[in-house]
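All residue numbers refer to positions in the sequence shown, counting from 1. Just so you know, these numbers come straight off a predicted model, no measurement behind them.
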Amino acid sequence: MTHLPGPRRTPLTAEEKARAEANFVPLVAEHLTAHGRFRVSADTPESIGLFQEVAHRVGELLGRPVVSYANGRYIVIAFGTQD
């Protein structure tokens with residue numbers, strides 16, 4: 001019996017990554033403002049990096065500190081403490 005590997009993920013192109021960031025920023029900003037945190041599945045280094053960049057851009061957009069925490073299964077984006 002042969003064991004077939006699971007599906008392979010193709011890395012995002014630079015254009016796809018830029019589009020994903022641009023589309024996720026307003027969504028995360030709106031959810032963060034309404035609920036105080038945003039949680040999404042992020043189980044690859046690429047998806048974690050994408051949402052860390054989104055968190056950074058949301059912080060710049062809202063003019064508030066934003067932090068992100070990842071555990072290998074999901075990432076949480078929340079407001080950080082202000083100095």
Original post:
Can you pull the side-chain hydrogen bond (donor to acceptor under 3.5 Å, both in side chains) pairs that have at least one residue in residues 21-31, sequence neighbours excluded?
Top reply: E21-R57
For residues 67-80, dump all side-chain donor-acceptor pairs below 3.5 Å to protein atoms at least two apart in sequence or in another chain.
unit_1, atom_1, unit_2, atom_2, d
N71, OD1, R73, N, 2.8
N71, OD1, Y74, N, 3.0

Under 3.5 Å, sequence neighbours excluded: what are the donor-acceptor pairs made by side chains of residues 40-55?
unit_1, atom_1, unit_2, atom_2, d
D43, OD1, R9, NH1, 2.9
D43, OD2, R9, NH2, 3.2
T44, OG1, S47, N, 3.0
T44, OG1, S47, OG, 3.0
E46, OE2, L12, N, 2.8
S47, OG, D43, N, 3.3
S47, OG, T44, N, 3.2
S47, OG, T44, O, 3.0

Original post:
What residues, two or more places apart in sequence or in another chain, satisfy salt bridge (charged side-chain N to carboxylate O under 4.0 Å, His left out) together with E15?
Top reply: R19
Subject >> side chain to side chain donor-acceptor pair (under 3.5 Å) involving T13 - partner list, sequence neighbours excluded >> reply: E16
Subject >> Residues forming a side chain to side chain donor-acceptor pair (under 3.5 Å) with T33, sequence neighbours excluded >> reply: none
